[in-house]
Amino acid sequence: MAPPDVQARVAALRREIERHNHAYYVLDRPTVPDAEYDRLFRELQVLEAEYPELVTPDSPTRRVGGRPLDEFPKVRHAVPMLSIRTETDTEASGAQAFDARVRKELGLAAGDPPVEYAAELKFDGLAINLRYEHGVLVAAATRGDGETGEDVTQNMRTVHAVPLRLKTAHSPVVLEVRGEVFMRRDDFERYNAKQREAGRPTLVNPRNGAAGSIRQLDPAVAAQRPLSFFAYGLGEVQGWRDAPATHSATLDALVELGVPVSTERRVCRGAQALIAFHDDIAARRDQLPFDIDGVVYKVNRFTLQHELGFVTREPRWAVAHKFPAQEELTVVEAIEVQVGRTGALTPVARLAPVFVGGVTVTNATLHNQDEIDRKDVRVGDTVIVRRAGDVIPEVVAVVADRRPQPAPPRFDILQSYPVCPECGSHVVRLEGEAAVRCTGGLYCPAQRKQALLHFAGRRAMDIEGLGDKLVDQLVDRGLVHTPADVYDLDLETLAGLERMAEKSATNLLAAIVASKATTLARFIFALGIRNVGETTAKDLARHFGSLDKLIAASETDLLAVRDVGPIVAQSIAQFFGEPHNLAVVGKLRAAGVHWPESAGTQQSAGVLAGKTLVLTGTLPTLTRDAAKEKIEAAGGKVAGSVSKKTDYVVAGAETGSKLAKAQELGVAILDEAGLLALLEKD
Ligand code: IVH
């Protein structure tokens with residue numbers, strides 16, 4: 001027998017773990033860090049291993065584990081699981097027709113008060129019946145044919161949002177909770193990303209993800225899948241004190257019992273209120289964290305539900321008012337590419353027109369070559385297209401058995417587009433990159449806008465006033481093809497643009513002229529060479545000292561620059577290897593863009609070349625590492641102790657013996673400002 005203190009501890013741990021579970025999975029308000037949760041969980045596991053007699057079916061440790069099954073046992077539902085009639089009319093009139101039918105069946109006259117409804121979401125997952133006996137989850141089943149379902153208890157236990165025990169001291173003898181198990185979109189994306197990384201198969205969509213996971217015979221596999229649950233009704237009920245009299249109050253009561261219920265629900269009086277709910281949800285559909293395929297209206301009062309009864313297997317008191325589908329089937333007629341603002345060639349499927357997500361879709365993104373390979377999309381394939389909200393439509397999956405025979409060839413971007421369709425420059429796929437890119441850079445029209453904005457940016461050429469609205473106009477009207485053309489703009493042209501007045505045009509022109517005097521580092525950064533950020537641009541400027549030396553540098557020369565690796569070296573060499581880019585650089589110089597040049601540090605190695613410095617005390621702004629890095633970048637060495645060979649001691653606050661030693665030896669002493677001033681000369 002376990003000692004009483006262990007029994008008490010086990011009970012306390014279970015209560016606490018389930019409380020955190022509820023906060024995290026149901027309320028979406030985590031109460032403790034994951035590490036603390038894991039610690040509690042492990043403690044409980046250890047105690048249960050030591051005292052197996054303490055294990056109960058509602059222990060949180062029982063959410064995982066369990067043996068793989070050969071097949072799911074069948075279970076007969078105590079109360080049949082019905083389906084609901086679908087209102088095919090997706091317009092507002094769908095709600096009116098339902099209300100009119102209900103009023104007629106109830107024998108209400110036009111002057112009688114409005115009927116009260118519970119309006120809620122129609123979740124897109126799998127219907128589940130959870131059976132609680134005396135407050136403990138004892139069984140979970142799928143709907144099956146409505147009479148008989150499959151026993152998926154082991155798998156449903158792995159769904160953390162499902163309470164293993166109801167939160168009440170007065171549990172009903174039997175309480176069957178019905179609802180939908182589903183997968184949130186973010187969980188779906190995260191899960192698929194992980195699968196892709198591991199080279200394992202991905203889920204087609206959240207709905208299949210949820211249904212497939214629950215119908216997994218191995219509960220260990222199901223436990224890996226991130227599932228959620230929302231309740232929307234009841235099955236068998238026995239001995240429930242104060243059982244509510246309406247549907248909405250029932251859902252409120254379930255919330256009190258710790259069962260997850262969506263907050264997106266409303267009590268509506270009459271058809272107009274149903275329409276308002278429908279329209280509100282339809283407008284926010286894409287902001288919800290999970291997929292829905294419509295809304296559901298239910299007559300709220302149970303006595304009225306009984307009065308209305310059923311036709312065949314569908315209740316007269318409920319209806320599903322569907323939204324336009326977000327996924328449809330269509331055929332890929334061609335695969336083409338679009339050049340984006342960063343030069344990436346994005347493959348696009350041209351589709352046989354299909355009505356999906358409320359509009360007719362004829363194009364869908366295929367993202368990149370990896371995605372095409374993974375989904376194996378080919379011209380002629382029948383595919384599932386998804387369009388949710390304003391998101392660009394995408395090809396979700398190929399319907400394998402509808403592929404034409406003989407099978408069309410695989411699509412390869414590099415093979416089909418060896419040069420950029422916009423500008424004819426070479427197209428490359430860099431190692432480790434998903435995207436195929438146009439090397440046209442500044443010359444490629446599709447990349448001009450982005451390049452121009454970057455060029456004019458505060459940390460690049462710093463042309464104030466050249467924002468995206470202006471850049472759009474300049475490029476769209478063909479006034480600017482490359483950043484060099486900016487320096488040809490005159491007052492008259494600028495003043496003639498939309499949103500430009502004489503004064504703003506004058507200011508912009510002044511900014512353009514002022515930008516001609518720049519630094520080599522800014523100029524290199526402004527060119528927008530892939531993988532060359534501000535810091536790399538500075539390193540390159542310092543190393544080579546002149547633009548011509550940089551242009552002439554081979555990949556090996558480039559690798560000698562601090563922090564320049566093979567990918568960066570390749571990007572730079574490729575950029576200056578493209579004649580169009582060289583032409584733009586030439587034109588910029590001809591327009592008068594200039595900067596001071598130097599010999600560079602590859603020969604003269606910086607102001608601190610050959611010098612030894614010692615750091616002591618706390619510097620006001622620089623950390624020790626940062627100071628060391630700066631000194632080394634300027635060619636200096638940092639030593640640990642002061643000697644006659646020390647050139648400078650850099651002293652901060654709270655120094656000790658090193659400063660005294662320096663004074664004794666007559667070594668030059670600098671403070672941080674002095675050091676920075678010295679480095680400035682570099
Ligand atoms: S009520 C007697 N409410 O839609 C009424 N069903 O055919 C029983 N569903 O398979 C269902 N959200 O899985 C109800 N808020 C909701 C729902 C909902 C989704 C599913 C359910 C069922 C189908 C209805």
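We're numbering straight along the sequence, starting at 1. Computation of the quantities below employed the complete heavy-atom set of this structure, encompassing side-chain atoms and omitting hydrogens, waters and symmetry-equivalent molecules. Whatever order the structure lists them in is the order used to number ligands and atoms, beginning at 1.
Of all atoms in ligand 1, listed by their number and element, those nearer than 4.0 Å to a heavy atom of Ala127 are 10 (O), 13 (O). Each of the atoms 3 (N), 15 (N), 16 (C) of ligand 1 lies under 4.0 Å from some heavy atom of Glu120. Near Ser83, meaning under 4.0 Å from any of its heavy atoms, are these atoms of ligand 1: 7 (O).
Close N/O approach between Lys122 and ligand 1 is found [any backbone or side-chain N/O within under 3.5 Å]. Distances between N or O atoms of Trp317 and those of ligand 1 include no value under 3.5 Å. Where the criterion is an N or O separation shorter than 3.5 Å, residue side chain and backbone included, Tyr232 meets it with respect to ligand 1. Remark: ligand 1 and Leu126 share no N or O pair separated by less than 3.5 Å (distance only, no angle test). Residue Val296 places no N or O, backbone or side chain, under 3.5 Å from any N or O of ligand 1.
Between Lys375 and Asp381 no salt bridge is recorded (no basic side-chain N to carboxylate O distance below 4.0 Å). In summary, Arg185 and Asp291 engage in a salt bridge, as defined by a charged side-chain N under 4.0 Å from a carboxylate O. Look at Glu333 and Arg350 and you find no salt bridge, because none of the NZ, NE, NH1 or NH2 atoms lies under 4.0 Å from a carboxylate O. Here Arg301 does not pair with Glu116 in a salt bridge; the nearest charged N to carboxylate O distance is not below 4.0 Å.
No option in Arg42, Arg14, Arg9 other than Arg14 meets the salt bridge (Lys or Arg N to Asp or Glu O under 4.0 Å) test with Glu48.
For the residue pair His22/Glu18, the side-chain donor-acceptor check at 3.5 Å is not satisfied.
Contact analysis leaves Arg178 out of contact with ligand 1, as no non-hydrogen atom separation drops below 4.0 angstrom.
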May I have the step-by-step check of side chain to side chain contact (heavy atoms under 4.5 Å, CB included) for Phe41 and Leu44, ending in yes or no? CA-CA 5 Å; Phe41 197 87; Leu44 180 59; 5.8 Å; no
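In terms of protein heavy-atom proximity, atom 13 (O) of ligand 1 is closest to Glu180 OE1, 2.4 Å. Among protein heavy atoms, atom 12 (N) of ligand 1 sits closest to Phe123 N, 3.0 Å. Considering only non-hydrogen protein atoms, atom 2 (C) of ligand 1 sits nearest to Pro315 CG, 3.6 Å.
Judged by distance alone, with hydrogens and angles left aside, the side-chain atoms of Asp151 form no donor-acceptor pair with the main-chain N or O of Pro73 at under 3.5 Å.
By the 6.0 Å contact criterion, CG on Asp242 is open, its count of non-hydrogen atoms from other residues, nucleotides or ligands being 12 or less.
The nearest non-hydrogen atom to atom 3 (N) of ligand 1, considering only Lys298, Met81, Gln305, Glu314, comes from Lys298. Scanning Thr86, Leu82, Ile84 for the heavy atom closest to atom 7 (O) of ligand 1 points to Ile84.
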